[in-house]
Undergrad: 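Take a look at the following structure, please.
Here the structure is a predicted model, which means the values were calculated and not measured. In the text below, chain A, chain B and the rest are named by the order of the sequence lines, each starting its count at 1.
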There are 4 protein chains.
Amino acid sequence: MSQPPGRPRDASLHAAILGAVREVLMESSYADLSMDGVAARAQVGKKTLYRRWASKAPLVAEAVLDAYGRGGSFDVPDTGDLGADLQCWLIEHGEFIAEPANAKLIRALVAAAAANSGDTEALYEQLSVPQRSGLVDRVRRAVDSGAVRPDVDPDAIANALMGTLLLQVMSSPVRSDDAAGRYGALVDALLSGVGSA
Amino acid sequence: MSQPPGRPRDASLHAAILGAVREVLMESSYADLSMDGVAARAQVGKKTLYRRWASKAPLVAEAVLDAYGRGGSFDVPDTGDLGADLQCWLIEHGEFIAEPANAKLIRALVAAAAANSGDTEALYEQLSVPQRSGLVDRVRRAVDSGAVRPDVDPDAIANALMGTLLLQVMSSPVRSDDAAGRYGALVDALLSGVGSA
Amino acid sequence: MSQPPGRPRDASLHAAILGAVREVLMESSYADLSMDGVAARAQVGKKTLYRRWASKAPLVAEAVLDAYGRGGSFDVPDTGDLGADLQCWLIEHGEFIAEPANAKLIRALVAAAAANSGDTEALYEQLSVPQRSGLVDRVRRAVDSGAVRPDVDPDAIANALMGTLLLQVMSSPVRSDDAAGRYGALVDALLSGVGSA
Amino acid sequence: MSQPPGRPRDASLHAAILGAVREVLMESSYADLSMDGVAARAQVGKKTLYRRWASKAPLVAEAVLDAYGRGGSFDVPDTGDLGADLQCWLIEHGEFIAEPANAKLIRALVAAAAANSGDTEALYEQLSVPQRSGLVDRVRRAVDSGAVRPDVDPDAIANALMGTLLLQVMSSPVRSDDAAGRYGALVDALLSGVGSA
DNA sequence: ACCTAATCGAGACGGTACGTCCAGTCTTCGT
DNA sequence: ACGAAGACTGGACGTACCGTCTCGATTAGGT
């Protein structure tokens with residue numbers, strides 16, 4: 001289990017660089033973030049950046065996902081009440097993206113994914129796959145316990161919830177006030193249907 | 001109704017430029033699109049571009065929306081059957097974004113909106129506002145006719161539908177096959193609820 | 001006789017750039033001169049530099065030769081007295097290179113010529129050919145008029161004079177005081193020989 | 001005379017490094033020589049380079065002077081015949097620099113000296129001082145022995161001879177054929193004068 | 001037929017970022 | 001302490017792009 005020859009990479013730089021990326025992102029945007037700027041702010045040579053990340057997109061992706069893993073919560077609660085659990089998850093994430101700094105980070109990740117055609121899929125899945133699987137599992141458990149109809153498509157539900165949040169993030173500057181109220185309405189509609197019963 | 005003095009703008013250039021933008025976008029991505037490249041491909045001087053669009057973002061936006069208006073349909077049908085109408089709208093748009101070329105265009109618009117914080121709102125609203133209003137109107141009409149419960153939030157429904165499509169377009173390369181099937185499931189859940197009743 | 005299409009190059013930038021190069025060169029050295037620095041000082045984009053010069057070496061060469069053509073004198077006088085004429089030429093150039101600023105410029109040209117193997121010949125000849133031909137012509141005229149022996153090699157004389165100056169430039173920081181006095185001694189030796197006769 | 005503690009320096013590396021420097025210099029130029037390249041070619045760590053030489057310039061200087069001391073001869077012969085002795089010295093050095101590989105080495109040393117204003121004096125003197133003192137001594141001895149006129153300036157003679165060689169090496173690619181013939185002509189002129197007697 | 005005025009293609013311009021490459025230093029291991 | 005290997009900061013390299021500008025040439029109205 002020997003170490004490769006030469007000076008090992010400084011692990012502490014990783015965090016410093018990702019932190020610098022987040023700082024820049026919060027006070028400007030993906031387009032305004034430059035590798036030069038990150039290097040300068042992190043007190044790091046540009047070569048160190050390119051040794052660890054191939055380009056701007058994966059660097060931003062890691063910085064954002066790192067923050068999300070650090071501060072955001074991924075788990076879907078399971079109290080037995082599916083409606084309450086989904087609404088709880090929705091509100092939790094809604095509060096996260098209501099924070100302007102967090103919204104900027106997510107928008108930067110979307111920009112990184114959308115800008116370069118090669119990176120779209122890879123980067124996007126990093127964020128969405130764990131979320132989706134948490135939601136799908138929760139719904140599936142509700143199906144298994146008989147709480148919801150067996151012909152319900154858990155993926156469709158998960159997409160609707162995540163899509164609502166994504167749409168919210170992208171149009172956040174406007175009208176984020178009443179967004180929270182709609183989360184309950186969405187879950188109500190999904191749970192009980194809109195029919196005039 | 002007099003014409004301003006000087007040589008009038010060549011109207012045919014508009015279409016040529018937007019077409020060139022779409023060509024570039026389809027074979028690469030937003031990041032790879034350069035104003036120089038567009039000018040060269042459209043056989044146009046750069047000054048002509050900046051005379052008509054303030055920067056890259058609105059140019060891309062118009063090119064994409066132009067294609068959307070040309071090939072996609074914005075109207076939500078109203079047959080009286082809300083479920084069928086929403087599902088029809090969803091499938092129509094789903095087929096549009098299933099076309100890889102169209103997906104690339106939409107992703108370019110998302111990139112343009114997400115990259116520069118100043119453009120996020122403006123560009124995003126151009127695409128989402130007409131869609132949202134069409135959906136909200138349709139749902140509201142269903143409320144008025146008593147077809148659905150009066151406490152339903154039309155905006156929450158619209159967000160869920162549009163968000164599902166947005167999420168779809170961003171992760172399109174993977175799993176676009178069974179996506180269409182889920183549209184019915186989503187509408188079912190919204191209409192009838194997931195409750196095991 | 002038509003002008004090529006597009007905006008023509010700004011001729012006034014040429015002088016501004018060459019001046020900036022000379023400024024940098026006088027307060028530092030060839031190695032310390034950077035294209036970035038020149039561009040910044042001349043208030044010019046880097047692209048403008050590379051549009052006109054392929055690299056640092058030819059840029060420096062033109063800047064130095066431009067100054068030499070502007071301020072230095074190339075002509076060998078012809079008063080009929082070969083010794084006086086050569087000594088005059090030698091002193092004139094000696095005074096030019098005694099000026100520290102001028103010596104720095106010449107050293108920069110030498111560095112430009114010596115650094116890149118491809119440029120050595122080309123750059124060096126630009127400076128030395130006109131000088132050499134002036135000297136050789138003058139000596140040849142003296143041969144023709146019978147003032148000096150017909151078996152004298154004008155090129156050998158020219159090389160000795162120019163080489164003395166070149167050596168002087170390269171070791172100038174030390175001992176430039178008594179250099180002037182030696183010019184007379186060299187011409188004396190060449191004219192009259194060192195023999196004890 | 002005690003040995004310092006720790007592992008002693010590997011003396012064989014010195015030659016290997018200098019050899020690697022000369023190899024690189026002969027197949028490219030001073031500008032194309034990098035410390036990384038030298039370290040790689042000599043199978044040596046960069047730290048080892050900087051432990052022994054302060055920077056690129058003195059390393060190149062030692063490599064070139066090492067070759068000069070190895071293959072060229074510095075001594076001015078003293079057969080009693082000053083003209084023959086100077087011509088012999090001139091031809092010997094002329095043949096050395098006529099070898100393209102040697103010319104490249106000398107040009108690299110000139111580049112090292114001319115590029116950084118701090119190194120100009122130091123490096124240049126390393127090569128020229130021993131040469132000059134040999135020539136000056138030889139001429140002074142001729143003065144003492146009465147073979148030449150007492151008012152002859154030995155430094156002026158030495159400068160003319162060394163300058164001729166320096167000029168030759170800098171413009172070597174062109175016209176190195178008849179250069180050798182001119183050495184005799186130069187010595188003739190210096191010894192006997194150019195006057196038509 | 002001239003004149004004014006805005007358009008057009010072409011391409012130079014200043015500025016900024018890109019991604020690569022070096023110089024010179026530092027840090028790991030092994031000798 | 002010395003050795004190879006290689007990560008580190010700092011900064012220059014040469015290229016590409018953005019958005020502006022400056023040419024000559026064109027294309028309309030108004031005189």
Undergrad: Of Ala42(A) and Gln43(D), whose nearest nucleotide on DNA chain F comes first from the 5' end?
TA: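 Upstream on the strand: Gln43(D).
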
Undergrad: Without decimals, in angstroms, what is the distance between Tyr50(D) OH and dA4(F) P?
TA: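 So the OH-P distance, Tyr50(D) to dA4(F), works out to 15 Å.
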
Undergrad: Nearest to the Met35(A) side chain among dA5(E), dC8(E), dG19(E), which nucleotide is it?
TA: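 Of dA5(E), dC8(E), dG19(E), dG19(E) is nearest to the side chain of Met35(A).
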
Undergrad: Round to the nearest Å and state the distance from Leu33(B) atom CG to dA16(F) atom P.
TA: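 One finds 17 Å between P of dA16(F) and CG of Leu33(B), rounded.
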
Undergrad: Without decimals, in angstroms, what is the distance between Lys47(B) NZ and dC23(F) P?
TA: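 Nearest whole value for this atom pair: 13 Å.
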
Undergrad: Looking at the side chain of Leu13(B), which of dG24(F), dC8(E), dC26(E) is the nearest nucleotide?
TA: dC8(E)

Undergrad: Between Gln3(A) and dT28(E), is there a contact of a side-chain N or O with OP1 or OP2 at under 4.0 Å?
TA: no

Undergrad: For the base of dG11(E), is there a side-chain donor-acceptor partner from Lys46(B) under 3.5 Å away?
TA: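 Donor-acceptor pair under 3.5 Å: no.
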
Undergrad: Please walk me through it: do Ser12(D) and Asp10(D) pass side-chain hydrogen bond (donor to acceptor under 3.5 Å, both in side chains)?
TA: CA-CA 6 Å; Ser12(D) 71; Asp10(D) 185 338; 2.7 Å; yes

Undergrad: Just by distance, do the side chain of Ser29(C) and the backbone of Leu25(C) share a donor-acceptor pair under 3.5 Å?
TA: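 Looks like no, no N/O pair under 3.5 Å.
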
Undergrad: For Leu59(D), answer base if it contacts any base atom (sugar-phosphate contacts may also be present), sugar-phosphate if it contacts only those atoms, and nothing otherwise; contact means non-hydrogen atoms under 4.0 Å.
TA: nothing

Undergrad: Any donor and acceptor pair, going by atom type alone, linking the side chain of Arg107(A) with main-chain N or O of Ser117(B) inside 3.5 Å?
TA: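 No, Arg107(A) side chain to Ser117(B) backbone: no donor-acceptor pair under 3.5 Å.
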
Undergrad: Kindly say if Lys56(B) contacts the phosphate of dC18(F), meaning a side-chain N or O under 4.0 Å from OP1 or OP2.
TA: yes

Undergrad: Does Lys104(C) use its side chain to pair, donor to acceptor, with the backbone of Ser28(C) at less than 3.5 Å?
TA: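 Flag set: sc Lys104(C) to bb Ser28(C) pair under 3.5 Å.
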
Undergrad: Among dC13(F), dC8(E), dC18(F), which nucleotide sits nearest the side chain of Arg52(B)?
TA: dC8(E)

Undergrad: Which residue, Gly37(C) or Pro8(A), contacts DNA chain F at a nucleotide closer to its 5' end, judged by nearest heavy atom?
TA: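 That would be Pro8(A).
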
Undergrad: On the nucleotide dC8(E), are OP1 or OP2 found under 4.0 Å from the side-chain N or O atoms that Thr48(B) carries?
TA: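 Affirmative; the distance criterion is met.
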
Undergrad: Identify whether any heavy atom of Leu49(C) sits under 4.0 Å from a base atom; if not, whether one sits that close to sugar-phosphate; answer base, sugar-phosphate or nothing.
TA: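 It contacts nothing in the nucleic acid.
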
Undergrad: Counting heavy atoms from C-beta on, name the nucleotide in dA17(E), dC17(F), dC8(F) closest to the side chain of Asp10(A).
TA: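 Closest of the options to the side chain of Asp10(A): dC8(F).
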
Undergrad: Report the nucleotide, chosen from dT20(E), dC21(F), dG14(E), that has the shortest atom-to-atom distance to any side-chain atom of Arg7(C).
TA: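 Selected nucleotide (nearest to the side chain): dC21(F).
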
Undergrad: Identify which nucleotide among dG10(F), dA5(F), dA12(F) has an atom closest to any side-chain atom of Asp36(C), counting heavy atoms from C-beta outward.
TA: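 Of all the options, the side chain of Asp36(C) is nearest to dA12(F).
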
Undergrad: Which nucleotide in the set dC8(F), dC2(F), dA17(E) lies at the smallest distance from any side-chain heavy atom of Arg51(D)?
TA: dC2(F)

Undergrad: Would you tell me if any nitrogen or oxygen in the side chain of Ser55(B) comes within less than 4.0 Å of OP1 or OP2 on dC18(F)?
TA: no

Undergrad: CG of Asp119(D) versus C1' of dA23(E): gap in Å, rounded?
TA: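 Taking atom C1' of dA23(E) as the reference, CG of Asp119(D) is at 14 Å.
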
Undergrad: Could you check how far NE2 of His14(A) sits from P of dA7(F), rounded to whole Å?
TA: 14 Å

